[in-house]
Colleague: 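One structure is given below, represented as structure tokens, and several questions about it will come after.
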Amino acid sequence: MKVATCSAPTNIAVVKYWGKDDVALNTPLNASVSVTLHPEQLCTTTSVAGGYAAIQRTRLWLNGEEQTVNKRVAVVLREIQELAGRVHGSKEPPAPLHIVSTNSFPTAAGLASSAAGYACLVAAVAEFYGLTKEHEEFPGQLSTIARQGSGSACRSLDGGFVRWQKGERPDGHDSCAVQVADEKHWPGLCAVVCVVNDAAKDTSSTTGMQTTKATSPLLTYRAEHLVPERLQRMESAILARDFEAFGTLTMQESNQFHATCLDTTPPIFYLNDVSRQIIRLVHRYNAQAGRIQAAYTFDAGPNAVLFVEQEHVQELVALVLHCFPSSPEMAIKSSMALDRKAPQKLLARMEAPLDGGKAFKLPELPGSVKMMYVSRVGGGTRVLSESEALIDGVTGEPLPFHKEEAEGGCPSVKSCFWTRLLSASSLEPALRYAAVAIVAAAATRAVLLHK
Ligand code: DP6
């Protein structure tokens, strides 16, 4: 009887994967590069249990709902179980498992839930069978298994900045993930995730990219002639922590990916009016700063991920909140204390005519950004303790699912009380500091009384 539990982060591609070379192996038309986001805000947790009398067949639960074990999950399980059989020299057929998974963010909303989901499945099943990187039969083997679950998932096993190389071998063994730089490399890089629409997307990535491959000449040209050079420039920008080069390429990549979607017959529209207003806003923000200070990227949905360096994150968040104001209770999940009010000076700078050009009208679209996550670069998958398991260690059955608790963050990386108090989104800054002061005074008094 055993329960293994792991967490996995999401990642956001800055050189995009779109189009498959081999559908059965799920290898890509071109290599891609991504940034792993910190699990404090966005992550998946998965527990795997086996060896209990009550487990008669393999079953899977996601966010409290039982799911059918689909083909991709079955392939991931089979590949890891076969590897475990070879490593441990066992010929026994694998026992059925219970697999329980939760996301700390809305599933299938274009927030790379399949990336975190399959990376976490690989990590937790591997942990269940006692497999680590040392047991791999070729470099990156576990990432090639995650790739067969969902392409982008292979980039979520590692932290920092990760390349998924296209690979040349017919068996797909070299179509694996390679870390470009770890999570400590660029600590000042922040990612502001703006949830524009948290409903499930219209066209799934898998279907969308198949139609694009079948109909878009731009996609083939891009994969052959444009991506190889962009990939090199992107990796150099990351290694040099050159935000201007990184940001420029990130935006060009996002735009070219959405151009291939538009070049598809029938065209695929992932961006909406709010996404386009965010694009306009970021370009104006950079123009008034006279340099690339922020960059946007969009995947298969309208949600924006904005990259910005730490010194400008406050300004950018306040600007987005000014243009897309939500209720004062709108959740901002962040480990940094952020002031919601945009300074008057910044608004005036944004609207003033530039170089004799036209004045800029800041967008006003109340309620259109529903939620924000302010994140930074984070680490890869992690093994969690027994106390963080989603399965009852005595019965092997799923523990009750609590949506609010799951969306509150990932176990063991949940912000401490102080950070949560300081960043409590519904509190005005003055109120926040007053709350901290009151708690601090009460604590001091308690300590003094105790003496
Ligand atoms: C737009 O990894 O979801 O996010 O391999 O079919 O599961 P499948 O596709 P998926 O595609 C992600 C596409 C993207 C760009 C990217 O992450 O590189």
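Here the structure is a predicted model, which means the values were calculated and not measured. Numbers for residues simply follow the sequence, beginning at 1.
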Colleague: Does any part of the side chain of Val305, heavy atoms only, come nearer than 4.5 Å to the side chain of Tyr373, both counted from C-beta?
Modeller: no
Colleague: Is the count of non-hydrogen atoms from other residues, nucleotides or ligands lying under 6.0 Å from Glu364 atom CD greater than 12?
Modeller: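 No, not enclosed.
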Colleague: Within a reach of under 6.0 Å around CD of Glu65, are more than 12 heavy atoms found that belong to other residues, nucleotides or ligands?
Modeller: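 Result for CD/Glu65: open.
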Colleague: Considering only heavy atoms from C-beta outward, does the side chain of Thr297 approach that of Glu253 to under 4.5 Å?
Modeller: no
Colleague: With a 6.0 Å cut-off on the ring centroids, do Phe298 and Tyr270 count as close?
Modeller: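 Distance test on ring centres: not under 6.0 Å, no.
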Colleague: Atom CD of residue position Gln232 - does it have more than 12 heavy atoms of other residues, nucleotides or ligands inside 6.0 Å?
Modeller: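 For Gln232, atom CD is not crowded (no more than 12 foreign heavy atoms under 6.0 Å).
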Colleague: How about NZ on Lys2, more than 12 heavy atoms from neighbouring residues, nucleotides or ligands closer than 6.0 Å, or not?
Modeller: yes
Colleague: Do Leu157 and Lys133 have side chains that get closer than 4.5 Å, going by heavy atoms?
Modeller: no
Colleague: Taking side chain as C-beta onward, heavy atoms only, is Thr250 less than 4.5 Å from Met234?
Modeller: yes
Colleague: So, Trp61 versus Phe401, ring centres under 6.0 angstrom or not?
Modeller: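 Centroid separation for Trp61 and Phe401: 6.0 Å or greater.
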Colleague: Report yes or no: do Ser150 and Ser114 form a side-chain donor-acceptor pair below 3.5 Å?
Modeller: yes
Colleague: We want to know whether Asn11 and Thr36 form a side-chain donor-acceptor pair, criterion being a heavy-atom distance below 3.5 angstrom.
Modeller: no
Colleague: Counting heavy atoms not belonging to Glu137, are there more than 12 under 6.0 Å from its CD?
Modeller: yes
Colleague: Would you compute the distance between atom CZ of Arg222 and atom CG of Asn30 and round it to the nearest 0.5 angstrom?
Modeller: 5.5 Å
Colleague: With side chains defined as the heavy atoms from C-beta onward, is the minimum distance between Leu306 and Cys194 less than 4.5 Å?
Modeller: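 A side-chain contact exists here, since the closest heavy-atom pair is under 4.5 Å.
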Colleague: Under a 4.5 Å cut-off applied to non-hydrogen side-chain atoms, are Leu83 and Glu136 in contact?
Modeller: no
